[in-house]
Protein chains: 2
Amino acid sequence: MNIGDITQRTGIPARTLRYYEDIGLVAPARAENGYRDYSAADLDRLMLIAQARHMGFSLDECRRLAALNADPGRASREVRALAQKNLAAVQDRIARLRALEAQLRALIAQCHGDDQPDCAILEELSGKRP
Amino acid sequence: MNIGDITQRTGIPARTLRYYEDIGLVAPARAENGYRDYSAADLDRLMLIAQARHMGFSLDECRRLAALNADPGRASREVRALAQKNLAAVQDRIARLRALEAQLRALIAQCHGDDQPDCAILEELSGKRP
DNA sequence: CCTTGACCTTCCACCTGCTGGAAGCATTAC
DNA sequence: GTAATGCTTCCAGCAGGTGGAAGGTCAAGG
C-alpha cells in the first residue's frame with residue numbers, strides 16, 4: 001500500500017507517517033519507483049499507534065506498545081504497567097489543571113472587567129497584593 | 001541587577017531569562033562588562049510573567065498582560081478577557097483529559113496484568129475488538 | 001599577586017510531535 | 001497529450017525551553 005492508503009485507513013497524515021519513519025517507529029519497504037510500500041503488518045502497527053496516540057501515549061510508549069504487540073512471548077503485566085503509568089500522568093495533569101482552573105476563576109471573579117484600569121488580576125499577578 | 005539576582009527573585013532560570021530576551025519579552029540594559037543589567041521595572045515585569053506562566057498563560061499572553069500592566073490607560077475588561085480565554089482553554093483540556101482518563105481506566109480494568117501474553121489493552125488498541 | 005571558583009557571555013544543537021513549503025519525479029484520468 | 005493528483009526529498013519552523021562547549025569577569029583566600 002502507498003502512503004495515501006495508510007493515511008486513509010489510519011487517519012495519520014502522510015507527513016506524519018514520513019516523520020514516523022524518520023524516527024524509526026515504522027519501516028515500510030520501498031517499491032521500484034521509490035514509493036513507500038506499506039505491508040499489512042505495517043498497517044496493523046500504525047493502527048495500534050494511532051489508537052495509542054488517541055489514548056495519550058507518547059511516541060516512545062507507542063514504540064514499546066508496538067513491540068509488545070509484536071512479541072508473542074510478552075507478559076500482559078508489562079502492557080498494563082505502561083497503561084497505568086500513562087493513567088497516572090493523565091491524572092497528574094488533571095489535578096494540576098484543576099488547581100489552575102480554581103485560581104483563574106478566583107482571579108476573574110475579583111476583576112470588574114470594565115473601562116477602568118484598576119484590575120485585580122494584574123494586581124495579583126504582579127504581586128501587589130499579599 | 002545581574003541575571004542571577006533575577007533568577008533568585010523570580011525563580012526563572014538564567015537560561016530562560018536569556019531566551020525571554022531573545023524573543024523580545026524583556027529587554028534588559030547592558031553593563032560595561034557586557035552583563036545584562038536588569039532594572040527594577042524589568043524585575044516587576046518578570047515577576048508578573050513568572051506568575052502568569054504559573055497560571056498557564058502562554059508567552060504571547062504574558063506579553064500582552066505585561067503590556068496591559070504597563071499601560072495606565074488600560075481597561076480591566078481586556079485583562080479579564082485574556083484570563084477568561086485562558087480559563088476556557090484550561091477547562092477544555094480538563095474535559096479532554098477526563099475522557100482520556102475514563103478510557104484508560106476501562107482499558108486497564110480489562111487487562112489481567114499477568115505473565116500471559118493475552119492482553120485486552122493491546123486487543124483494544126489494535127482494533128481486534130469491536 | 002595569583003589562583004580558584006562562581007558567575008557571566010555567546011553560539012549551536014536538541015527535546016516532542018508534528019506541520020508547512022518548495023522543487024521535482026510518477027502515476028492516473030480524460 | 002496534458003493536467004491533476006500523488007509521491008519523493010530537503011529545509012525550516014511552531015512552543016517553550018534545556019543542554020553543552022568555549023570563553024570572559026569578578027570576588028575571595030593564600
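Note on naming: letters A, B, ... go to the chains in the order of the sequence lines (proteins, then strands), and numbering restarts at 1 for each one. The figures that follow rest on heavy atoms only: side chains count, while hydrogens, waters and symmetry mates do not. Note that this is a predicted model, so its numbers are computed, not measured.
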**Q.** Given B/Leu48, B/Ile49, B/Asn86, the one that forms side-chain contact (heavy atoms from CB on, under 4.5 Å) with B/Phe57
**A.** B/Asn86

Q. Is A/Lys85 salt-bridged to A/Glu61, going by a charged N under 4.0 Å from an acidic O?
A. yes

(Q) Looking at A/Arg30, I'd like to know whether one of its side-chain N or O atoms comes within less than 4.0 Å of OP1 or OP2 on C/dA26. (A) no

Q: In plain terms, say whether B/Asp37 and B/Arg30 are close enough for a salt bridge, that is, a side-chain N and a carboxylate O under 4.0 Å apart.
A: no

Q.
Between A/Leu43 and A/Leu25, is there shared hydrophobic-cluster membership here, with clusters defined by ILVMFWY side-chain heavy atoms closer than 4.5 Å?
A. yes

(Q) Are B/Leu17 and B/Val26 packed together at the side-chain level, in the sense that at least one heavy-atom pair is separated by less than 4.5 angstrom? (A) no

(Q) Any carboxylate oxygen within less than 4.0 angstrom of a Lys/Arg side-chain nitrogen, looking at B/Asp22 and B/Arg18? (A) no

Q | Gap between atom CZ of B/Arg74 and atom CD of B/Glu78 - 0.5 Å precision | A | 10.5 Å

Q: Decide, yes or no, whether a salt bridge links A/Asp5 with A/Arg9 under the criterion of side-chain N to carboxylate O below 4.0 Å.
A: no

Q: Classify the side-chain pair A/Glu101/B/Gln91 by whether it contains a donor and acceptor separated by less than 3.5 Å.
A: yes

Q | Within residues 34-68 of chain A, residues whose heavy atoms come under 4.0 Å of DNA chain D | A | A/Gly34, A/Tyr35, A/Arg36

Q | Heavy atoms of other groups near B/Arg93 CZ, more than 12 under 6.0 Å | A | no

**Q.** Nucleotides bounding contact with chain A, strand DNA chain D, heavy-atom threshold 4.0 Å
**A.** D/dG6 to D/dT9

(Q) Below 4.0 angstrom, which residues in residues 5-26 of chain A have at least one non-hydrogen atom near DNA chain D? (A) A/Arg18

